[in-house]
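Reading through the structure tokens given below for one structure.
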Protein chains: 2
Amino acid sequence: MTARSTPEQTLELAAFVPFRLNRLADGVSQHLAVIYRKRFGLDIPQWRVMATVGSKHGCTAQYIAASTRMHKSRVSRAIGELEARALIERASSGEDRRQRQVHLSRSGRRMYSELVPLALEREAALLACLGPERLAGFMVGVETLERFLELED
Amino acid sequence: MTARSTPEQTLELAAFVPFRLNRLADGVSQHLAVIYRKRFGLDIPQWRVMATVGSKHGCTAQYIAASTRMHKSRVSRAIGELEARALIERASSGEDRRQRQVHLSRSGRRMYSELVPLALEREAALLACLGPERLAGFMVGVETLERFLELED
DNA sequence: CCAAGACGGTTGCGGGCGCAACTAGTTGTG
DNA sequence: CACAACTAGTTGCGCCCGCAACCGTCTTGG
């Protein structure tokens, strides 16, 4: 009853979800990276650090690494570059002298307050192409996959 | 009537869709890369070339680049490595002597026929965590975004 | 038919990043 | 207290990849 001459199973990359997800995430990133790079001179690791520190003042490098899922060396370098541009400042923690608390500087806060509305607006413009109900269905899928892969937080 | 003391708009990275999409795509890739790398010794560019050539025999490097959205140099190097492992073969095209038609070798076909079922199975296992209806809703969102960003094909 | 430009594919170069080793500081145990 | 094990963060090394220059091959137009 089953086919004898195995008809050579094939895989169309354009229909393969992992590939499509990669391509989609990449496209979305490109869509946003323009702002970060051209307008503020930030690359993605730097942007992620800015975003994290902007909403979690005084956090540590390891906190940033955990919540952005970037390798600690990448975080360390991004922090170094941002500090060199005086966008963030580091203060030794009194508690544990190994860790350094990261804060936005005055100009860092200024950039952050300019950057965030643009990013949110760009995100909204992207998601607007789905209606509200499609968006909801999409996000349910994203959340379920995140939980399955244990990516949340 | 508008707020006077702007309450400093913030952005939570964990709720920012572009970031979450990147993280998700990355998680999914990791989930699959194990197979490619540990079992077949392929990295992602190589896997994409194998997949493309396996379903489009005799295609050219530029076709691979266009359909995988990889830079042509990345494609060129991946092809070179696969050829060195005798998984693919290149034949000069009679039509245009600049381009070279890429085929799977005998051992390439063997690997392909082993690789594809595993990849599809792994994809299915991943998507199974969404039910059929959640999956449908999720894919509608993915397709809509792809069209919006002009990523299809 | 020849020059100029376009195009397929390759490669040197430099930048970014993961890995692993390292420093400095902390915690736990006898 | 001493010593081992652990943790926060930094950095040298090597790999991967995008960029741009390049080579050989078409193609077009004068």
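In the text below, chain A, chain B and the rest are named by the order of the sequence lines, each starting its count at 1.
- Looking at every heavy atom in both residues, Arg90(A) comes nearest to Gly80(A) through NH2-CA, 4.2 Å.
- Between Arg77(A) and the phosphate of dG16(C), there is no side-chain N or O to OP1/OP2 separation shorter than 4.0 Å.
- As rounded to whole Å, 8 Å separates atom P of dC17(D) from atom CD of Glu81(B).
- The residue Arg100(B) sits close only to the backbone: its heavy atoms come under 4.0 Å of sugar-phosphate atoms, none of a base.
- Between Glu146(A) and Arg20(B) there is a salt bridge, since a side-chain N of the basic residue sits under 4.0 Å from a carboxylate O of the acidic one.
- When each of dC19(C), dG9(D), dG9(C) is scored by its nearest atom to the side-chain atoms of Gln62(B), the top-ranked nucleotide is dG9(C).
- Atom NE2 of His71(B) is separated from atom P of dG15(C) by 17 Å (rounded to the nearest Å).
- Nearer to the 5' terminus of DNA chain C, by closest-nucleotide assignment, is the contact made by Ser73(B) (compared with the other of Ser73(B) and Ser73(A)).
- Remark: P of dG18(D) and CG of Asp43(A) are 16 Å apart, rounded to the nearest angstrom.
- Of the listed nucleotides (dT11(C), dA21(D), dG9(D)), dA21(D) has the atom at the smallest distance from the side chain of Lys72(B).
- Between the CD1 atom of Ile79(A) and the C1' atom of dT11(D) there is a distance of 15 Å, rounded to whole Å.
- Between the C1' atom of dG18(C) and the CG atom of Asp26(B) lies a distance of 12 Å, rounded to the nearest Å.
- In terms of phosphate contacts, Ser76(A) brings a side-chain nitrogen or oxygen within less than 4.0 Å of OP1 or OP2 of dT10(D).
- A parallel orientation is assigned to the rings of Phe138(B) and Phe138(A), their planes being inclined by less than 30° (bins at 30° and 60°).
- Residues Glu95(A) and Arg90(B) each lie close to DNA chain C; by heavy-atom proximity, the contact nearer the 5' end of the strand is made by Arg90(B).
- A sub-4.0 Å separation between OP1 or OP2 of dG9(C) and a side-chain N or O of Arg98(B) is absent.
- For the pair Ile64(A) CD1 and dA8(D) C1', the computed distance is 12 Å after rounding to whole Å.
- We find that CD of Gln30(A) is positioned 10 Å from P of dG18(D), with the value rounded to whole Å.
- Counting only heavy atoms from C-beta on, Asp96(B) has its side chain closest to dT25(D) among dA8(D), dG18(D), dT25(D).
- The closest donor-acceptor contact from the side chain of Ser55(B) to the backbone of Glu12(A) lies at 3.5 Å or more, if one exists at all.
- A close approach under 4.0 Å does not occur between any side-chain nitrogen or oxygen of Arg97(A) and OP1 or OP2 of dT23(C).
- For the pair Arg74(A) CZ and dC16(D) P, the computed distance is 17 Å after rounding to whole Å.
- With a 6.0 Å radius and a threshold of 12 heavy atoms from other residues, nucleotides or ligands, Glu133(A) has its CD atom above the threshold.
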